[in-house]
Amino acid sequence: MLIAVSMVCAVLAAASNSLGSVMQRRAALIVPQSDRFRIGLMWDLLRTPIWVLGIGGVIFAALFQGAALATGPLAVVQPVFLLELPFTLFVAGIAFHRPIPRATWLSVGSIVVSLCVGMFAAAPNGGTLQAPASLWTAVIPCCLGVIAMLCTIASSRRVGPSRAAYMGLATAVGYALTAALMKSATDTLSREGIPAFFTSWQTYAFAVVGVCSLFLLENAMQSGPLVASQPALALGDVLVSLTLGVTLYGETLRGGWWLAIQLLCVALAATGVTGLSHSHTPCGQPGGTAETAVPAGHKTG
């Protein structure tokens, strides 16, 4: 019963986050554009009403995600967030008044089918409710190092799909780490109450990592089309979350010949992501469509 509640909450979180992502992408096209990381981007966005609405979607997504993580394993909850991808494309098609090509839906279909079959093959289960401190001291620096490396690679590329994809991957690692920390904090809340929740270091860690991940997401939105950053974000979040679930919480996946099916599903999902990154969708293309054009009067650089 708890797993069913967890899955429903995860789907609602994915839907809320997709709505927030599209609104944030629209806001990222309204504020002054830049080829560099800049803290001032957040101030510009705070003064943009549509971005504030987008953050509302993100907040609801975080609440649903917290409920999902409190009632289900990390390796089960986070993969459901891959559904955010078709939700985002559907909402973007409405928001930007452009039809979504059949090839794009085929790519989305391959990703979703790969997720469903892969989750059945992996059958993640078990695990503990809290991870030992020794694992946190190893995992957190590793994740932060990967984020720094991806951001460095992204900053060396011009605005476009490649830069957006690397920024999406960096955001994915941040989101997965945030979810792992949130799972520990929500477990503390459910078992020990509010005072323990606010004295747990994981509570403040997931808040800090979550805010930093949001900053990375906003830069990903300005780095290139949503169709490049969103697949990298969604697929990366799933893979990193599965890894953290196994590493930190001892959640188990089926081995043997089931592993071959899991790897095949990962390959099919990656193929779908590659197809999306080359498709012409309402999520925009570099250099010219209405969705990516810099509004008149706004400067670059």
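The figures here come from the full heavy-atom set of this structure, side chains too, leaving out hydrogens, waters and symmetry mates.
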Show the nearest heavy-atom pair for residues [X] and [Y], with the distance to one decimal.
| X | Y | value |
| --- | --- | --- |
| Ala180 | Leu248 | CB-CD1, 3.9 Å |
| Ile147 | Ala170 | CG1-O, 3.7 Å |
| Leu181 | Ile140 | CD2-CD1, 4.4 Å |
| Ala172 | Ala232 | CB-O, 4.1 Å |
| Ser18 | Phe87 | OG-CB, 3.3 Å |
| Val11 | Val80 | CG2-CG1, 3.8 Å |

According to a hydrophobic-cluster definition based on side-chain heavy atoms being under 4.5 Å apart (Ile, Leu, Val, Met, Phe, Trp, Tyr only), do [X] and [Y] belong together?
| X | Y | result |
| --- | --- | --- |
| Tyr166 | Leu144 | yes |
| Leu239 | Leu263 | no |
| Leu214 | Val208 | no |
| Leu150 | Val139 | yes |
| Leu129 | Trp201 | no |

Side chain of [X], backbone of [Y]: donor and acceptor closer than 3.5 Å?
| X | Y | result |
| --- | --- | --- |
| Ser241 | Val238 | no |
| Tyr204 | Phe198 | yes |
| Ser200 | Phe197 | no |
| Gln262 | Arg254 | yes |
| Ser155 | Thr152 | yes |
| Gln65 | Ala179 | no |
| Thr188 | Ser184 | yes |

Please assess Leu189 against Ile194 for the test side-chain contact (heavy atoms from CB on, under 4.5 Å), listing each intermediate value before the final yes or no. CA-CA 6 Å; Leu189 175 64; Ile194 294 177; 3.9 Å; yes
side-chain contact (heavy atoms from CB on, under 4.5 Å) between Lys183 and Asp187, intermediate numbers included: CA-CA 6 Å; Lys183 179 173 178 59; Asp187 172 66; 5.7 Å; no
Under the side-chain contact (heavy atoms from CB on, under 4.5 Å) test against Tyr175, which residue among Asn17, Val240, Leu216 passes?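 Exactly one pass, corresponding to Asn17.
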Can you list the residues that meet the side-chain hydrogen bond (donor to acceptor under 3.5 Å, both in side chains) rule with Thr203, with sequence neighbours excluded?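 Applying side-chain hydrogen bond (donor to acceptor under 3.5 Å, both in side chains) to Thr203 gives none.
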Intermediate values then yes/no, side-chain contact (heavy atoms from CB on, under 4.5 Å), Cys143 and Leu244: CA-CA 10 Å; Cys143 288; Leu244 293 181; 4.2 Å; yes
Evaluate the side-chain contact (heavy atoms from CB on, under 4.5 Å) criterion for residues Phe215 and Asn219: first the C-alpha distance (whole Å), next the side-chain angles of each, then the deciding distance (0.1 Å), finally the verdict. CA-CA 6 Å; Phe215 174 71; Asn219 279 276; 3.3 Å; yes
Euclidean distance, [Y] [atom2] relative to [X] [atom1], rounded to 0.5 Å:
| X | Y | atom1 | atom2 | answer |
| --- | --- | --- | --- | --- |
| Ile153 | Arg163 | CD1 | CZ | 12.5 Å |
| Met167 | Ser162 | CE | OG | 12.0 Å |
| Leu69 | Ser190 | CG | OG | 11.5 Å |
| Leu264 | Ser114 | CG | OG | 7.5 Å |

According to the interplanar angle, ranging from 0 to 90°, do the rings of Tyr249 and Trp136 count as parallel (below 30°), tilted (30 to 60°) or perpendicular (above 60°)?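 If you compare the ring of Tyr249 with that of Trp136, the planes turn out perpendicular.
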With clusters built from Ile, Leu, Val, Met, Phe, Trp and Tyr whose side-chain heavy atoms come within less than 4.5 Å, directly or transitively, what are the remaining members of the cluster of Val113, listed by chain and number?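 Val113 clusters with Val117, Phe120, Trp257, Trp258, Ile261.
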Around atom CZ of Phe60, are there more than 12 heavy atoms of other residues, nucleotides or ligands at under 6.0 Å?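 No, not enclosed.
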